[in-house]
Amino acid sequence: MDYFIKNIVSLLKEGTNLPENEIEKFIEIPPDFKMGDYAFPCYTLSKIFKKSPNIIAAELSNTLQIIINKHPPVSPIFKERYRGIAEIKAIGPYVNFFVDKVTFSELVLKTISEERDGYGNKTLGKEKTVVVDFSSPNIAKHLAVHHLRSALIGNAIRNIYKTLGYTCVGINHLGDWGTQFGQLIVAYKKWGSENAHKTYTVTDLNNLYVRFHQEAEKNPGLEDEARAWFKKLESGDFEAKDLWQHFKDISLKEFQKIYDMLGIHFDAFVGESFYNTMVEDTITRIKEKGLAKVSEQALIIDLEPYNMPPCLLRKKDDTTLYATRDIAAAEYRKKTYDFDKMIYVVGSEQKLHFNQFFKVLELMGYDWANNCVHVDFGLMKFKDGKMSTRKGKVVLLEDLLIEAVERIRKIIEGKNPSLENKETVARDVGIGAVIFADLCTKRNKDVVFDWDEVLNFEGETGPYIQYTHARLCSILRKYGKPVTADIQFALLKEDESILLIKNLVQFPSVIIKAAEFYEPSLICNYLIDVCGSLNRFYNAHRVLSDDEELTTARILLVDVTRQVIRNGLTILGMQAPEQM
RNA sequence: GCGCCCGUAGCUCAGCUGGAUAGAGCAACGGUUUCCUAAACCGUAGGUCAAAGGUUCAAAUCCUUUCGGGCGCACCA
């Protein structure tokens with residue numbers, strides 16, 4: 001915690017004459033709490049003083065002890081500076097500091113119990129705006145499990161930044177424009193029946209899409225037809241536009257259903273088509289800057305000097321590509337939101353695209369180009385290969401979510417048949433399990449989709465976190481009185497309590513780190529740690545007892561832990577049921 | 001061919017902005033419930049940190065090379 005580190009650093013400064021920021025970098029947390037709460041390694045000093053680090057550590061710990069002793073305990077300087085440091089001990093090459101447990105517990109528990117839902121919140125991002133572009137699926141296809149990643153990671157990152165005080169704009173950059181709609185129209189005109197599009201479902205659209213790609217393999221001429229239809233669409237042809245609108249409406253309805261199940265909402269739901277009217281101006285600006293040139297009949301920006309393939313602005317038939325629309329969208333967003341940072345949560349297979357796109361923004365002279373980041377993530381695939389909508393090789397997201405809820409429902413019947421609100425709980429826990437399973441590994445690893453793994457509910461899983469939360473709620477319900485922070489902190493002296501409090505104090509810094517690395521998995525791992533500590537505490541000590549003082553003390557610990565778990569789950573986009 | 005990512009226990013992963021004995025979960029085996037939810041907890045077993053060099057007082061962590069896997073490289077998004 002800042003308070004103790006600050007005191008240790010200022011003490012070390014007096015003892016070593018090193019600058020404070022140097023010292024702070026070295027401070028670490030020992031691998032075992034029995035060795036100390038904080039440690040200062042003496043390897044660097046050993047170089048300066050040409051003595052072995054072990055000897056330095058021993059000498060330094062004596063020096064520090066003397067410094068502390070010099071300050072009369074009544075002195076206000078002593079109180080301010082060295083309050084909270086209980087013991088200094090040299091172990092091998094380290095000087096280890098033991099913090100006063102009572103001061104420590106009081107500080108941490110009081111802070112959390114005052115800040116409640118706001119614990120972990122910061123003002124780092126005050127007056128700053130972050131745009132998060134996430135989910136962004138292509139329309140006319142079902143949402144499948146591989147669409148989960150962008151939606152969940154993006155949603156969590158938005159929440160992380162929100163917690164740090166940023167104004168966040170979550171944008172769903174729907175893939176609702178491009179040659180694929182030419183393909184769909186061709187397929188519809190060839191194999192769909194007249195006016196059938198009015199009763200179509202996404203499944204029908206999906207089938208058309210799959211069939212197009214099957215037939216196009218035998219008959220490459222279809223691709224040309226598709227491009228021609230897209231050209232018509234882009235130049236405002238009535239029939240094309242009408243069909244496109246229908247297809248889009250059908251898709252949006254289905255998407256909304258899934259987003260509701262996942263509890264994800266967007267501040268802006270604008271697809272690529274929205275920027276269609278702006279691309280002309282964008283291309284003009286690019287031309288004026290002398291960046292565009294014609295190559296193989298297409299309009300491109302040469303990126304050879306930067307060791308990248310060219311960025312295509314217009315195909316030889318004059319229609320635009322998604323890079324063109326991305327550039328227009330970026331300009332529009334800068335104008336509209338004046339963001340300080342724009343985050344694109346898109347799979348790592350598009351890394352090159354974003355490198356090209358960001359380079360173009362830079363070449364256009366936009367100094368905000370380096371405030372754009374591509375937050376990439378690994379591919380989701382099956383054991384035997386890539387998921388593919390074209391080949392119908394997918395697991396539909398809706399099916400997964402329904403199955404998850406269904407399995408939880410069965411577990412509830414087995415474990416807690418008298419539970420109220422079974423439906424709500426099954427949904428919260430089932431969906432939560434899916435969310436947690438996806439978020440809990442570092443985002444840039446590829447994931448192999450496995451039903452049993454996603455729907456495992458024991459160990460390091462979403463239900464484990466939620467279960468721990470529900471247990472705590474249950475204790476608080478039984479206690480039935482208001483929780484007070486006016487307790488005897490010395491009573492929370494067992495190892496299990498102290499280790500738990502040590503976990504709780506980390507929360508704010510974990511959020512900051514998660515934001516820095518755009519890494520929601522850090523929050524997941526953190527929650528697993530907290531729940532592990534809590535469950536060990538729970539198992540070793542009874543909270544509710546005849547000892548009133550002890551009960552009030554432990555109840556406070558239970559209450560703030562519950563609070564931290566809840567705050568963490570909220571960031572991940574999960575519910576925190578009070579019973580399960 | 002070129003570029004990027006990944007390679008840690010049987011499986012899934014933490015640890016990677018260098019530091020004290022490489023940590024969890026799942027699976028296996030054994031234990032814990034007259035007591036606040038056993039969706040929990042404890043124990044046993046399981047590791048040449050892909051390989052080889054290098055930098056350093058110190059390398060799973062940094063650098064180089066090799067091997068293995070994934071992804072991407074002009075008219076799809």
Side-chain angles (χ1 to χ4, degrees), chain A residues 25-26 28 30-32 35 39 41 43-44 46-47 52-53 91-94 96 136-138 175 177-180 182-183 223 226-227 230 272 295-300 307-317 319-323 325-326 346-353 355 376 378-379 381 386 408 411-412 414-416 419 429 437 440-442 444-448 450 452-453 456-461 463-468 470-479 516-517 521-522 524-525 528-529 531-532 534-536 538-545 554 558 579-580:
Chain A
K25 272 192 293 189
F26 286 119
E28 48 188 77
D32 186 333
M35 302 165 97
Y43 303 103
T44 314
S46 116
K47 234 180 219 168
S52 94
I91 303 179
Y94 291 86
N96 288 11
S136 308
N138 290 336
W177 206 247
T179 311
Q180 48 177 325
Q183 296 170 348
E223 297 280 9
R227 277 189 278 270
F230 177 55
E272 293 186 65
S295 166
E296 297 172 29
Q297 300 172 61
L299 187 67
I300 68 154
N307 288 321
M308 284 187 274
C311 174
L312 267 80
L313 297 172
R314 278 191 198 285
K315 296 182 274 194
K316 60 186 171 200
D317 67 3
T319 54
T320 59
L321 287 110
Y322 83 135
R325 297 188 286 274
D326 269 348
V346 180
S348 58
E349 69 274 16
Q350 293 202 41
K351 189 138 203 147
L352 177 60
H353 163 71
N355 285 340
D376 61 341
L379 216 60
K381 51 189 179 172
K386 209 171 163 173
I408 294 291
I411 292 175
I412 291 173
K415 291 183 191 286
N416 197 355
L419 180 68
V429 177
C440 75
T441 60
K442 279 178 73 170
N444 73 354
K445 294 218 178 190
D446 287 349
V447 290
V448 174
D450 180 2
D452 291 336
E453 220 165 277
N456 171 30
F457 305 131
E458 275 163 28
E460 297 173 341
T461 64
Y464 171 68
I465 311 290
Q466 290 169 317
Y467 173 73
T468 306
R471 273 184 140 179
L472 297 178
C473 290
S474 171
I475 296 177
L476 290 164
R477 264 196 310 277
K478 290 223 161 76
Y479 179 66
E516 187 186 347
F517 293 98
S521 67
L522 293 174
C524 296
N525 293 333
I528 288 170
D529 284 347
C531 290
L534 182 279
N535 282 316
R536 273 185 289 278
Y538 181 98
N539 209 260
H541 309 288
R542 242 195 107 73
V543 177
L544 304 173
S545 71
R554 287 184 176 165
V558 163
Q579 296 183 55
M580 62 187 270

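Chain letters run A, B, ... following the sequence lines, proteins first, then strands; residues in each count from 1. The figures that follow rest on heavy atoms only: side chains count, while hydrogens, waters and symmetry mates do not.
- Contact annotation: Arg227(A) reaches the phosphate of C76(B) (side-chain N/O to OP1 or OP2, under 4.0 Å).
- The CG atom of Leu321(A) sits 10.5 Å away from atom CG of Leu299(A), with the distance rounded to the nearest 0.5 Å.
- Residue contacts shown for Leu379(A) are limited to sugar-phosphate atoms, with no base heavy atom under 4.0 Å away.
- In this structure, the nucleotide among A39(B), A20(B), C73(B) sitting nearest to the side chain of Pro30(A) is A20(B).
- Closest to the Asn96(A) side chain, of the nucleotides A20(B), U21(B), A39(B), is A20(B).
- Base-pairing analysis of RNA chain B finds the following stems of at least three consecutive Watson-Crick or G-U pairs, with both pairing distances under 3.5 Å: B:1-7 with B:67-73, B:10-13 with B:23-26, B:28-32 with B:40-44, B:50-54 with B:62-66.
- Considering only the side chain of Phe517(A), U17(B) comes nearest among G70(B), A74(B), U17(B).
- Between the CG atom of Leu312(A) and the P atom of C73(B) there is a distance of 12 Å, given to the nearest Å.
- The nucleotide whose nearest atom lies closest to any side-chain atom of Asn539(A) is, among U21(B), A74(B), C41(B), C41(B).
- Atom pair Asn535(A):CG and A40(B):C1' shows a separation of 5 Å (rounding to whole Å applied).
- Comparing A40(B), U17(B), A20(B) against the side chain of Tyr464(A) picks out A40(B) as the nearest.
- Going from the P atom of A22(B) to that of A59(B) covers 13 Å, rounded to whole Å.
- Checking A39(B), C4(B), A20(B) against every side-chain atom of Glu28(A), the shortest atom distance belongs to A20(B).
- The distance between atom CD of Glu458(A) and atom P of A24(B), rounded to the nearest whole Å, is 19 Å.
- Between Tyr322(A) and His353(A), the ring planes are parallel. Angles under 30° get that label, and only those over 60° would be called perpendicular.
- When distances are taken from the side chain of Asn444(A) to each of A77(B), C5(B), A74(B), the shortest belongs to C5(B).
- Across all strands shown, Glu223(A) has no heavy atoms under 4.0 Å from either base or sugar-phosphate atoms.
- Residue Val429(A) has its side chain nearest to A39(B) when only C73(B), A77(B), A39(B) are considered.
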What nitrogen or oxygen pairs link the protein and nucleotides 10-13 of chain B at under 3.5 Å?
none

Identify each atom pair where a protein N or O and an N or O of nucleotides 54-58 of chain B are less than 3.5 Å apart, giving names and distance.
none

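- The distance from atom CG of Leu472(A) to atom P of C36(B) is 15 Å, rounded to the nearest whole Å.
- Of the candidates C26(B), A38(B), A74(B), the closest approach to any side-chain atom of Ile300(A) belongs to A74(B).
- Heavy atoms of Thr468(A) sit nowhere under 4.0 angstrom from any nucleic acid atom.
- Contacts of Lys478(A) with the nucleic acid, taken as non-hydrogen atoms under 4.0 Å apart, involve only primed sugar atoms and P, OP1 or OP2.
- Taking 3.5 Å as the limit, the base of A74(B) and the side chain of Ser295(A) contain a donor-acceptor pair of atoms between them.
- When distances run from any side-chain atom of Lys351(A) to the nucleotides G72(B), A77(B), C4(B), the shortest one goes to C4(B).
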